[in-house]
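Worksheet: one structure, shown below.
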Amino acid sequence: MTLLSVETLTARHGLLTALRDVSLSVEAGEVLCLIGANGAGKSTLLRCIAGAHHAATGTVRLHGRDMTALSAFARVRTGIALAPEGRRLFPDMTLRENLMLAAENGRRGDWTLTRVLDAFDALKPLLDQPAGGFSGGQRQAAAIGRALMANPDLLLLDEVSLGLSPAAVEGVYASLAQVRGGGKMGMIVVEQDLTRALSFADRVICLSEGEAVLEGRPADLTRAAITRAYFGLS
Ligand code: ATP
């Protein structure tokens, strides 16, 4: 069943067109990885879906319902949660406070504090520490945990491995494998590590200069085709 459908979305930053006529869909339980060079429009696309950036034209539907006019806050309540680039935790608040605030603003469901800590066990010893002192991997785990606390149907993760040590990337993806396991939640993951994206995704879309230029299941895509799309050569 289609969870998310994005139709002919165009987005601008001032005079710059960051996304041009992008259409995509995500099924319940599916993991879509977005790849593409710096500036391709990946973050803008996630932000448009989450309502953090207003698209110039096009529609965003969740469960068939038009979200286009809804604020970011209202979209969280209807089931879309974003773990943004830069993580944006409240640095003076403890991890527990960051997580509970997200729970209050989100929906009720299976993702409780206990379940988040079970999935991200690196967070357990940090509960009562201010988020401002966390390492990159801890911040990313906390940001994903915070998004889960809103009990989304669609989880949007920006730049999952960017700036993390190899060990931290392993840890975060081990937790994400647990998060996706058997659930109905759909995910869109922006991942700049191509190998990682191809091993984690059910489906991959490559953006180039604001357009979706390649789409497919990892097994059906060749490295050569991906490289061409990545550099805007296809
Ligand atoms: P990156 O990996 O660098 O984050 P991206 O694929 O996520 O790249 P976006 O961040 O969506 O790409 O940026 C798409 C285009 O829009 C780029 O040319 C970028 O410079 C521009 N852009 C993004 N945010 C803004 C903004 N707030 N103001 C002006 N231009 C912006």
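Every number for a ligand or one of its atoms is a count from 1 in the order of the listing. Positions are given from 1, in the same order as the sequence printed here.
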Hphob cluster co-occupancy, W111 + L117, side-chain heavy atoms under 4.5 angstrom: yes

Among all the protein's heavy atoms, is there at least one whose distance to atom 9 (P) of ligand 1 comes out below 4.0 Å? yes

Can you tell me which portion of H13 lies within the under-4.0 Å heavy-atom range of ligand 1? Options are side chain, backbone, both, or neither. side chain

Specify whether the nearest protein heavy atom to atom 19 (C) of ligand 1 is under 4.0 angstrom away. no

Could you go through the side-chain contact (heavy atoms from CB on, under 4.5 Å) check for L148 and L155 one step at a time? CA-CA 8 Å; L148 287 168; L155 179 66; 4.0 Å; yes

Check whether any N or O atom of A40, backbone or side chain, sits under 3.5 Å from an N or O atom of ligand 1, and answer yes or no. yes

Using a 4.0 Å heavy-atom cut-off, say whether Q192 meets ligand 1 through its side chain, its backbone, both or neither. neither

Is there at least one pair of N or O atoms, one from L16 and one from ligand 1, spaced under 3.5 Å apart? no

Will you find, in the side chains of S43 and D158, an N or O donor that is under 3.5 Å from an N or O acceptor? yes

Considering only heavy atoms, does D158 approach ligand 1 within less than 4.0 Å through its side chain, its backbone, both, or neither? neither

Enumerate the atoms of ligand 1 whose separation from the nearest heavy atom of T44 is less than 4.0 angstrom. 9 (P), 11 (O), 13 (O), 14 (C)

Could an N or O of ligand 1 be found under 3.5 Å from any N or O of G39, whether backbone or side chain? yes

Distance only, no hydrogens: is a donor on one side chain within 3.5 Å (strictly under) of an acceptor on the other, for E191 and Y173? yes

Is it the case that E7 and S23 place a side-chain donor and acceptor less than 3.5 Å from each other? no

Which pair of non-hydrogen atoms, one from P130 and one from P91, has the smallest distance, and what is that distance? CB-O, 3.5 Å

Would you tell me which option among E159, H53, R12 has the nearest heavy-atom contact to atom 2 (O) of ligand 1? E159

Would you check, one step at a time, whether the test salt bridge (charged side-chain N to carboxylate O under 4.0 Å, His left out) holds for K184 with D153? CA-CA 7 Å; K184 289 208 156 164; D153 293 333; over 6 Å; no

